[in-house]
Amino acid sequence: MEEKKITTTSGIEIKELYTSAKPMTELPGEFPYTRGIQKDMYRGRLWTMRQYAGFSTAEESNKRYHYLLKQGTMGLSVAFDLPTQIGYDSDHEMAEGEVGKVGVAIDSLKDIEILFEGIELQKITTSMTINATASVLLAMYIALAKKQGADIRQISGTIQNDILKEYAARGTYIYPPKSSMRIITDIFEFCSKEVPKWNTISISGYHIREAGSTAVQELAFTLANGKAYLNAALEKGLDINVFAKRLSFFFNCHNNFFEEIAKFRAARRMWAKITKDLGATDEKAQMLRFHTQTGGSTLTAQQPLNNVIRVTSQAMAAVLGGTQSLHTNGYDEALSLPTEAAAKIALRTQQVIAFESGITDTVDPLAGSFFVENLTDEIETAAQIYIDKIDAMGGSVNAIENGYIQNEIGNAAYQYQLEIEDGSRVIVGVNKFTQEKEGINDVFTIDESIRTIQTNKLNKLKSERDQVAVDKALNDLLVAAKGTANLMPFILVAVEVYATLGEVSDVLRSVFGEY
């Protein structure tokens, strides 16, 4: 009888036994950074422990941020509602039913002032999951930092700002690809001069994976998108040794423990080679720095407390893979936004790994493992095949426009679902070890009155602001958008006089159109 073939989620065959690997000559902190970007890794500094939070109004989210900071979180990670993500104010007809649901509703600088009340922006790092309207939210954040008296050259954080994965996997885009790429490279240029510590893009594999890709596809499509951003910035005349230092990545971490660790190691090695080939000579411009979030799509509504174990395993893989920043999901997130109790357990999971597990005591503890080294090589080889195909198409923008990347993700998602349904892929509590009665009673709900609250705030803001200044700022932005000027200074002026997110987005819609 033929022995059953065992593979990773990406279809890479796993041998029964590994007895050799290529000689390990690399050191952590040295090109190509397979073993980590710092010589001492977590002995020198732990990863940043983040908890993704944002819901309802700015007032409600502010309370959760203060709670998380008291629990020991090291940085904030902001979730925005769908209207904010696609450039609609809360009173827009397209916002109905979505205000404050999957994140916080932000309509103007006034909301940002409330969101961060009592929090000094120069003393924390903030990650914002925002893409199509990233320029507007970043401008609001900078405007608030200035109002707080901060030196904006010292504020630090990350905007996701990765529009290519929106076209490929997630869907919260506004403008056509080429106009979106202009806004993104304008942000690169503006921040390199004005806000040099800000990470101007977080190139996201997370949502590619959530859409159903394999680990290899997540890696390949994310790095291919990264190459597209590098090339766009180079075409604009920017210096790769300057702007590439401010690029960061955002990866998913799923349940196949060793495949995920190998994926992170291969990612660093591949990005180092990509940046070097495009002319980067500065070590920091060759380093892949990344945030990890545990896999949202791996969480089950059935027997939700099992998700604590899943999140723990995924978080350990991210740490063993060398992440710079980590968000752990709440066990109840397949049912609702996380409750305070679930968010606290998620954060404590990271703290237990950091301070009790011992896996942070030495750098890259799995280096030299026959299995891990072979798997790292195989993932790199498989991902490179995809990248070569995308390069042959003319890069990610073309590969997205012709549907190649979306089709590959769709096929992988379909295959994964078939495996769950035929039982060849076991999901504990879903297709094996099930039980009749299960679940948890305490779930987080959002009040439907949020839209009314936000609309009232908008009406009050518009009656009190200097409308002449708003009109002038929006007209100046319109003229700039029709020309070739960098848009960021104009967006900053507009939000500082309390133009709304929707008003700024509508000006850009009128010039660029919608995709």
Side-chain angles (χ1 to χ4, degrees), residues 84 86-87 89 108-109 112 128 130-147 152-153 155 157-164 166-167 173-201 228-247 397 465-515:
T84 304
I86 50 177
D89 289 335
S108 73
L109 174 57
I112 288 287
M128 295 191 276
I130 197 75
N131 297 284
T133 52
S135 57
V136 188
L137 270 298
L138 175 60
M140 289 178 183
Y141 194 88
I142 293 167
L144 175 59
K146 286 165 73 176
K147 287 187 81 167
I152 66 165
R153 295 186 65 79
I155 62 169
T158 304
I159 41 171
Q160 193 162 103
N161 199 28
D162 174 8
I163 206 67
L164 292 179
E166 294 296 327
Y167 300 117
Y173 46 77
I174 305 173
Y175 319 109
K178 287 183 174 60
S179 299
S180 294
M181 292 297 272
R182 173 190 170 181
I183 297 169
I184 287 168
T185 53
D186 280 356
I187 294 169
F188 289 177
E189 183 179 49
F190 174 83
C191 288
S192 68
K193 294 170 185 167
E194 305 294 334
V195 200
K197 290 193 172 180
W198 196 269
N199 296 323
T200 48
I201 193 166
Y229 294 123
L230 290 177
N231 284 318
L234 288 167
E235 282 167 23
K236 199 178 174 77
L238 303 184
D239 181 352
I240 194 169
N241 284 318
V242 176
F243 75 81
K245 290 179 190 174
R246 304 291 8 135
L247 308 185
V397 175
R465 69 188 183 181
D466 180 345
Q467 192 59 42
V468 173
V470 172
D471 292 342
K472 182 183 184 305
L474 292 173
N475 189 63
D476 289 347
L477 175 60
L478 179 71
V479 172
K482 287 177 177 175
T484 57
N486 189 306
L487 298 175
M488 274 304 293
F490 297 93
I491 295 171
L492 181 56
V493 169
V495 302
E496 284 182 320
V497 295
Y498 295 96
T500 69
L501 172 115
E503 289 169 336
V504 171
S505 300
D506 282 347
V507 168
L508 299 179
R509 276 187 182 95
S510 73
V511 179
F512 301 144
E514 290 191 82
Y515 185 65

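What you see is a predicted model; the values in this text were computed from it and never measured.
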Does any non-hydrogen side-chain atom of L230 lie less than 4.5 Å from one of L247?
yes
Evaluate L487 against L508 for side chain to side chain contact (heavy atoms under 4.5 Å, CB included), listing each step before the verdict.
CA-CA 10 Å; L487 298 175; L508 299 179; 4.2 Å; yes
Just so I know, are the side chains of T500 and R465 near enough to count as touching, which here means a heavy-atom distance under 4.5 Å?
yes
What pair of heavy atoms forms the shortest contact from A494 to A473, and how long is it?
CA-CB, 3.7 Å
Flag side-chain contact, heavy atom, 4.5 Å: N161 against L138
no
Where do F243 and L238 come nearest, in terms of heavy atoms and distance?
CD2-CB, 3.6 Å
With a 4.5 Å cut-off on side-chain heavy atoms, are L478 and N475 touching?
yes
Are L501 and L137 packed together at the side-chain level, in the sense that at least one heavy-atom pair is separated by less than 4.5 angstrom?
yes
Is there side-chain contact between L492 and F190, with heavy atoms separated by less than 4.5 Å?
yes
Distance in Å, E496 CD paired with K146 NZ, rounded so as to fall on 0.5 Å steps
4.0 Å
Taking C-beta and beyond as the side chain, do D162 and Y229 meet within less than 4.5 Å on heavy atoms?
yes
D506: which residues meet the side chain to side chain donor-acceptor pair (under 3.5 Å) condition with it, sequence neighbours left out?
R509
Shortest non-hydrogen pair, A499 vs L474, comes out as CB-CD2, 4.0 Å
As an exercise, state the distance from CG of D89 to CD of E503, rounded to the nearest 0.5 Å.
6.5 Å
Would you indicate whether the side-chain heavy atoms of M181 and L164 approach each other to under 4.5 Å?
yes
Any side chain to side chain donor-acceptor pair (under 3.5 Å) involving residues 174-183? Give me the pairs, sequence neighbours left out, ordered by first then second residue.
Y167-S180
Closest heavy-atom contact between P176 and E514?
CD-C, 4.4 Å
Using the side chain to side chain donor-acceptor pair (under 3.5 Å) rule, collect all pairs that involve residues 479-488, keeping only residues at least two apart or in two chains.
E189-N486
Taking every non-hydrogen atom, the tightest pair across T84 and I130:
O-CD1, 4.2 Å
Side-chain donor-acceptor pair under 3.5 Å between E235 and N231, yes or no?
no
One should read off an interatomic distance between I174 CD1 and Y515 OH, to the nearest 0.5 angstrom, of 14.5 Å
Could you grab the distance from atom NZ of K197 to atom CZ of R246, nearest 0.5 Å is fine?
8.5 Å
Let me confirm one number: the CD-CD1 distance from E166 to I86, rounded to the nearest 0.5 Å.
10.5 Å
Working to the nearest 0.5 angstrom, can you tell me the gap between M128 CE and N199 CG?
11.5 Å
State, to 0.1 Å, how close I142 and V195 come at their nearest heavy-atom pair, and which atoms those are.
CD1-CG2, 3.7 Å
Mind running side chain to side chain contact (heavy atoms under 4.5 Å, CB included) on I201 and F188 for me, showing each step along the way?
CA-CA 8 Å; I201 193 166; F188 289 177; 3.8 Å; yes
